[in-house]
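In what follows, a structure is listed as structure tokens, so that the remarks can point back to it.
All heavy atoms count here, side chains included; hydrogens, waters and symmetry mates do not. As the structure is a computational prediction, the values presented were derived from the model and not from experiment.
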Amino acid sequence: MKILLAGTYPDGTADKFRAMLPGHEIAAAETQEQYDTVEDCEIIVVRVLKTPEKTLDNKKQLKAVIRWGAGYDSVDIEAAGKRGILVANTPGVNSYAVAELALGLMISVNRCLDANARQCRGGVWDRNTYSKRSATLNHKTVGIIGGGNIGRRVAKLVQALGAEVVYYDVFRLSEEMERSFAMRYVTLDELLESSDIVSLHVPLLDSTRHIIGKDQIARMKKTAVVVNTARGGLIDDGALAEALSAGKLAGAGLDCVENEDLANNPLKDFDNVVITPHVGGTSNDLAEEMVPAISEVVKKFCATGELEHTVNKEFLA
């Protein structure tokens, strides 16, 4: 089959796929324009680029789209399903990378690393400027919204630094898994009211958009920090900016924002906010995990016609 790698990938990714999928043709489209115009592909592996209906229209041979990562909101799964195209994600494979960044953002905001570093680059050596805002994770409560692969990994990481974990999810974990990960289930309101750090690990759906808005922020401690490594839109940017301006939150670590036009996003101007451009799942060594996992999915699909982790079954014609 002809497999298209859509988007930019770590160095050597195409060669790794060729080695693991002999007999298949591996092609590449690095830009959205290139991706939109490609016609002759049967399987797409897509990272970063968007797959709306117009991108699917000219791909008459296409059988499957596989997302490099867990999120699939960038793919029009309904349009794909109506064309008989299976869409799948790869949940859990890059969870370690996203969880690592979530922990890094917690530490960066809590210890004022970005603000201190900028001060040092400006030629000022003063350990007291941000000392009253600095805090560790030890003896803190971390509230995790979303008990999936990434949320559970975050739980283990913060516990290693002395934090207690509470979590909320619309699908509660089994009692055995809660014990295994030392995660205590609470309601969303209880989580917001008790947590020193709130970390988001849920997909962006109609039901989760602005899951952290003005009313939710009002329930949080003034000393709390919110971290989002999942999707922009889970937090109401405007409400967050208002709360930070009024001193109603201690800070935020954001790997994604609702308004990616940062020139017009007030969140960029706070010295207690760290923003990164959705890099949680983009470490250059991630191919070592992703390529073998996706290759196995492709092999099974070619042999059986079944695609693991299909996310658009309800739309298939």
Side-chain angles (χ1 to χ4, degrees), residues 99 101-116 128-147 150-152 154-170 178 181-202 208-230 232-258 266-275:
L101 183 67
L103 176 64
L105 287 171
M106 292 177 194
I107 294 172
S108 182
V109 176
N110 256 12
R111 300 300 300 272
C112 308
L113 297 186
D114 188 54
N116 274 302
N128 294 317
T129 305
Y130 301 102
S131 61
K132 290 184 179 180
R133 279 173 30 189
S134 181
T136 69
L137 283 168
N138 193 32
H139 303 305
K140 301 301 187 299
T141 297
V142 175
I144 294 174
I145 300 177
I150 299 171
R152 296 196 297 270
V154 171
K156 287 293 187 183
L157 291 174
V158 299
Q159 287 162 2
L161 297 179
E164 175 192 7
V165 172
V166 296
Y167 86 100
Y168 167 77
D169 198 310
V170 291
E178 287 180 349
F181 286 88
M183 296 170 68
R184 181 167 60 87
Y185 179 82
V186 294
T187 66
L188 179 58
D189 285 348
E190 289 174 315
L191 182 149
L192 296 170
E193 291 165 0
S194 65
S195 297
D196 300 293
I197 296 175
V198 174
S199 193
L200 298 171
H201 304 286
V202 292
T208 59
R209 184 174 295 278
H210 289 182
I211 193 171
I212 300 297
K214 184 175 181 179
D215 292 342
Q216 290 73 32
I217 292 172
R219 290 183 173 274
M220 295 170 65
K221 300 177 181 180
K222 291 184 178 180
T223 55
V225 166
V226 61
V227 171
N228 184 10
T229 54
L234 295 175
I235 298 176
D236 182 336
D237 281 2
L240 177 58
E242 287 181 15
L244 292 165
S245 294
K248 294 181 179 179
L249 281 179
L254 308 171
D255 189 39
C256 40
V257 290
E258 190 171 28
L267 292 172
K268 76 179 190 307
D269 298 322
F270 293 94
D271 66 2
N272 56 346
V273 174
V274 176
I275 301 176

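Each of Q159, M183, H201 was scored for a side chain to side chain contact (heavy atoms under 4.5 Å, CB included) with V154, with one residue passing: H201. Each of V274, L105, I107 was compared with L113 under the side chain to side chain contact (heavy atoms under 4.5 Å, CB included) criterion, and only I107 meets it.
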What's the verdict on side chain to side chain contact (heavy atoms under 4.5 Å, CB included) for I145 and L234, showing C-alpha distance, side-chain angles and the deciding distance?
CA-CA 11 Å; I145 300 177; L234 295 175; over 6 Å; no
Given Y167 and E178, is the side chain to side chain donor-acceptor pair (under 3.5 Å) satisfied, shown in steps?
CA-CA 10 Å; Y167 86 100; E178 287 180 349; 2.6 Å; yes
Using the side chain to side chain contact (heavy atoms under 4.5 Å, CB included) rule, take V158 and M106 through it: C-alpha gap first, then chi angles, then the decisive distance, then the call.
CA-CA 9 Å; V158 299; M106 292 177 194; 3.7 Å; yes
Go through D196 and K221 one step at a time and tell me if the salt bridge (Lys or Arg N to Asp or Glu O under 4.0 Å) criterion holds.
CA-CA 7 Å; D196 300 293; K221 300 177 181 180; 3.0 Å; yes
Taking it one step at a time, do L192 and I212 satisfy side chain to side chain contact (heavy atoms under 4.5 Å, CB included)?
CA-CA 9 Å; L192 296 170; I212 300 297; 3.7 Å; yes
Pair V226, L240 - check side chain to side chain contact (heavy atoms under 4.5 Å, CB included), show working.
CA-CA 9 Å; V226 61; L240 177 58; 4.0 Å; yes
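For the pair H210/Q216, no side-chain contact is recorded, criterion being any heavy-atom separation below 4.5 Å from C-beta on. Using a 4.5 Å heavy-atom cutoff, the side chains of L249 and K222 are not in contact.
We find the CD1-CE distance between I197 and M220 to be 10.0 Å, quoted to the nearest 0.5 Å. With rounding to the nearest 0.5 angstrom, the CG atom of N110 is 7.5 Å from the OG1 atom of T136. Atom CZ of R111 is separated from atom CG of L137 by 9.5 Å, given to the nearest 0.5 angstrom. Taken to the nearest 0.5 Å, the NZ atom of K156 stands 14.5 Å off from the CG atom of L103. Between D236 atom CG and D215 atom CG the span is 10.0 Å, to the nearest 0.5 Å. If you take OG on S108 and CG on N272, they are separated by 11.0 Å, rounding to the nearest 0.5 Å.
Salt bridge K248/E242: absent, no basic N to carboxylate O contact under 4.0 Å.
Between I235 and E258, the shortest heavy-atom distance links the atoms O-OE1, 3.6 Å. For the pair I217 and A243, the tightest heavy-atom approach, listed with the atom from each and the gap, is CG2-CB, 3.5 Å. In plain terms, the two heavy atoms of L254 and L267 that are nearest each other are CD1-CD1, 3.8 Å. Across all their heavy atoms, A230 and L200 have their closest contact at CB-O, 3.7 Å. Smallest separation of non-hydrogen atoms from L244 and F270: CB-CE2, 3.7 Å. Between Y130 and N116, the closest heavy-atom pair is CD1-OD1, 3.5 Å.
Under a 3.5 Å cut-off, the side chain of S195 and the backbone N or O of V198 do not form any donor-acceptor pair. The backbone N or O of E190 lies less than 3.5 Å from no partner atom in the side chain of E193, so there is not a single donor-acceptor pair. One N or O on the side chain of S131 and one on the backbone of N128 form a donor-acceptor pair closer than 3.5 Å.
Partners of R133 under the salt bridge (Lys or Arg N to Asp or Glu O under 4.0 Å) rule, at least two apart in sequence or in another chain, are D271.
More than 12 non-hydrogen atoms from other residues, nucleotides or ligands lie less than 6.0 angstrom from NZ of K268.
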